[in-house]
Q: 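Can you read through this structure? Questions will come right after.
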Amino acid sequence: MSQYYIGLMSGTSLDSVDAVLVRFEPEFELLAWHEHALPEPQRQSILQLTQPGDNEIEHLGLLDRQLGELFADAVNTLLERSGTDPADIIAIGSHGQTIRHRPEKGFSLQIGDPASIAEHTGITTLADFRRRDLAAGGQGAPLVPPFHEHLFRSHKQDRVLVNLGGMANITLLPANPQQDVSGYDTGPGNVLMDTWIQRQQGKAFDRHGDWARSGQVIEELLDSMLSDAYFHQPPPKSTGRETFNSEWLERAITRLAEAPRAEDVQATLLELTARSLADAIKTHSLAQPELYLCGGGSHNQGLHQRLQQLLPDSQISTTEALGLHPDWMEATAFAWFAMRTLNRKTASRASVTGARGDRILGAIHLP
Ligand SMILES: Nc1ncnc2c1ncn2[C@@H]1O[C@H](COP(=O)(O)OP(=O)(O)O)[C@@H](O)[C@H]1O
Ligand SMILES: [Mg+2]
């Protein structure tokens with residue numbers, strides 16, 4: 001009997017919907033993967049809903065159904081291309097698209113109707129993984145650390161996993177088994193760099209960080225951005241486009257004495273991601289931890305290099321070195337969450353999210 005799961009992830013970058021086919025028993029294997037395009041109208045609708053606006057309920061209701069059908073398409077394409085029989089899949093774990101993350105007010109909303117996914121795939125679908133942790137007083141984020149622990153904790157070497165999505169989050173995996181796993185969002189990952197290059201050059205992102213590397217860091221701008229309260233708040237903490245968005249960037253630029261060169265702003269935004277990550281990692285007493293990068297920003301060589309300079313004692317590679325390609329980490333994590341929940345096992349970690357305890361996560365939609 002096959003033990004296949006599908007994981008679906010659509011992150012804050014709005015670059016695509018990631019779908020993976022995996023199994024965890026007898027040992028972990030990534031069997032197939034697919035990047036499903038996110039159509040421009042839906043991308044725009046998501047962006048609109050991340051900020052307060054008019055007639056939100058109507059827009060939300062529509063987009064929820066549209067994304068649910070899109071997620072089902074992503075799954076069906078993955079199954080077709082890999083020649084997999086849907087009957088062989090135990091369940092789908094779908095993160096959903098975050099449209100508002102307000103842990104300080106006790107909620108975080110992910111949409112992409114799981115009933116539509118179950119309906120159009122005929123597969124048991126789990127979703128809404130963050131709610132229970134929020135109900136238990138947690139941030140609802142980040143959720144991935146226990147998954148990282150499951151696959152990647154070493155008893156010889158301290159490790160840090162760094163996920164470079166729209167936001168950046170770290171998972172601290174101490175070698176000492178007496179110490180708890182921890183993790184939190186350190187601040188922006190790629191989101192501000194993406195926003196700036198889109199606005200200035202119409203490109204989706206700064207490939208390899210080349211444009212950033214052509215500029216000079218503006219220290220005054222960097223200091224002013226690093227003075228944001230988020231960077232100084234102790235964990236547990238998590239963030240999103242509600243805080244780090246184009247208005248935030250605009251405000252910081254307006255505070256400058258003179259108008260900056262566009263490439264220097266990009267250089268400063270890359271430095272902001274690198275510095276906020278390195279500063280956060282240094283506050284933890286880990287012994288020359290190995291760093292493993294995942295998420296789309298792991299392809300940003302400029303960022304990789306800069307992190308290495310800021311953390312010279314750490315060996316930095318991508319999670320490919322651990323056997324999981326950096327592009328598929330998050331989708332794989334949601335396949336794992338689906339498995340945990342179906343097995344009645346907890347998947348959140350109170351030491352990470354600050355909740356009252358570890359919880360079984362998500363809602364189950366039967367086929
Ligand atoms: N070759 C590359 N060079 C620089 N940045 C990249 C590259 N490939 C992907 N990215 C960045 O990764 C982002 C997507 O990362 P992803 O992990 O999917 O984030 P999210 O989970 O927020 O969707 C893109 O928006 C882009 O900023
Ligand atoms: Mg993405």
Side-chain angles (χ1 to χ4, degrees), residues 7 9 11-12 24 28 93 95 103 129-130 133 138-190 233-240 273-274 276-298 303-304 307 311 314-337 340 346-355 358-359 361:
M9 179 71 202
T12 44
F24 298 102
F28 171 69
H95 172 265
F129 290 97
R130 300 193 190 271
D133 184 75
Q139 291 278 314
L143 292 179
V144 285
F147 169 69
H148 289 159
E149 173 182 38
H150 170 72
L151 279 188
F152 307 123
R153 191 169 189 173
S154 153
H155 292 297
K156 298 195 187 99
Q157 183 71 44
D158 291 347
R159 288 179 168 170
V160 180
L161 269 91
V162 179
N163 178 44
L164 296 162
M167 302 299 145
N169 58 274
I170 55 175
T171 299
L172 304 151
L173 300 173
N176 178 354
Q178 307 299 318
Q179 279 177 281
D180 257 341
V181 171
S182 58
Y184 52 93
D185 292 353
T186 56
N190 306 299
Q233 205 177 301
K237 61 178 178 175
S238 57
T239 189
T273 296
S276 51
L277 270 164
D279 290 352
I281 291 167
K282 284 182 201 160
T283 63
H284 300 279
S285 51
L286 297 173
Q288 304 185 346
E290 296 171 348
L291 253 68
Y292 294 96
L293 312 182
C294 60
S298 65
L303 184 54
H304 189 143
L307 277 170
L311 297 164
S314 285
Q315 189 193 315
I316 307 184
S317 36
T318 77
T319 55
E320 184 103 71
L322 297 172
L324 182 51
H325 189 281
D327 288 346
W328 309 115
M329 178 68 73
E330 295 254 293
T332 302
F334 283 87
W336 187 75
F337 294 140
R340 295 284 296 181
T346 59
S348 63
R349 196 59 59 79
S351 63
V352 173
T353 64
D358 301 352
R359 292 289 183 268
L361 303 179

Q: Considering only heavy atoms from C-beta outward, does the side chain of T171 approach that of E149 to under 4.5 Å?
A: no
Q: For F337 and F334, take the angle between the two ring planes, folded into 0 to 90°, and tell me which bin it lands in: parallel under 30, tilted 30 to 60, perpendicular over 60.
A: perpendicular
Q: If you take all heavy atoms of P145 and S182, which pair is closest and at what distance?
A: CB-O, 4.5 Å
Q: Within the structure provided, determine whether W336 and L151 are in side-chain contact (heavy-atom separation under 4.5 Å).
A: no
Q: If I compare all heavy atoms of G189 with all of T273, which pair ends up nearest, and what's the gap?
A: O-OG1, 2.7 Å
Q: What orientation do F147 and F152 show, parallel under 30°, tilted 30 to 60°, or perpendicular over 60°?
A: perpendicular
Q: Take S317 and Y292, measure what side chain to side chain contact (heavy atoms under 4.5 Å, CB included) needs, and give me the verdict at the end.
A: CA-CA 5 Å; S317 36; Y292 294 96; 3.4 Å; yes
Q: I need the minimum non-hydrogen distance between D133 and A355, along with the two atoms involved.
A: OD1-CB, 3.3 Å
Q: Is any side-chain heavy atom of V352 closer than 4.5 Å to one of P142?
A: yes
Q: Step by step, work out the side chain to side chain contact (heavy atoms under 4.5 Å, CB included) result for L293 and L307.
A: CA-CA 10 Å; L293 312 182; L307 277 170; 4.1 Å; yes
Q: Could you tell me whether the side chain of T319 and the main chain of L324 form a donor-acceptor pair under 3.5 Å?
A: yes
Q: Can you confirm whether Q233 is buried at CD, in the sense that more than 12 heavy atoms of other residues, nucleotides or ligands lie under 6.0 Å from that atom?
A: yes
Q: As an exercise, state the distance from CG of L322 to CE of M329, rounded to the nearest 0.5 Å.
A: 7.0 Å
Q: Please report the closest heavy-atom contact between P326 and C294, naming both atoms and the distance.
A: CB-CA, 3.6 Å
Q: Please name the residue in the list T318, L311, L161 that meets the side chain to side chain contact (heavy atoms under 4.5 Å, CB included) test with L291.
A: L311
Q: Looking at every heavy atom in both T12 and M167, which two are closest together, and how far apart are they?
A: OG1-N, 3.6 Å
Q: Would you sort out whether V181 and R349 count as a side chain to side chain contact (heavy atoms under 4.5 Å, CB included), showing the intermediate values?
A: CA-CA 8 Å; V181 171; R349 196 59 59 79; 4.2 Å; yes
Q: In chain order, what residues pass the side chain to side chain donor-acceptor pair (under 3.5 Å) check against N163, with sequence neighbours excluded?
A: N169, E330
Q: Is R340 reaching over with its side chain to a backbone N or O of T346, donor-acceptor style, under 3.5 angstrom?
A: yes
Q: For residues A175 and D158, report the shortest heavy-atom separation together with the two atoms involved.
A: N-OD1, 2.7 Å
Q: Pair L164, L277 - check side chain to side chain contact (heavy atoms under 4.5 Å, CB included), show working.
A: CA-CA 10 Å; L164 296 162; L277 270 164; 3.6 Å; yes
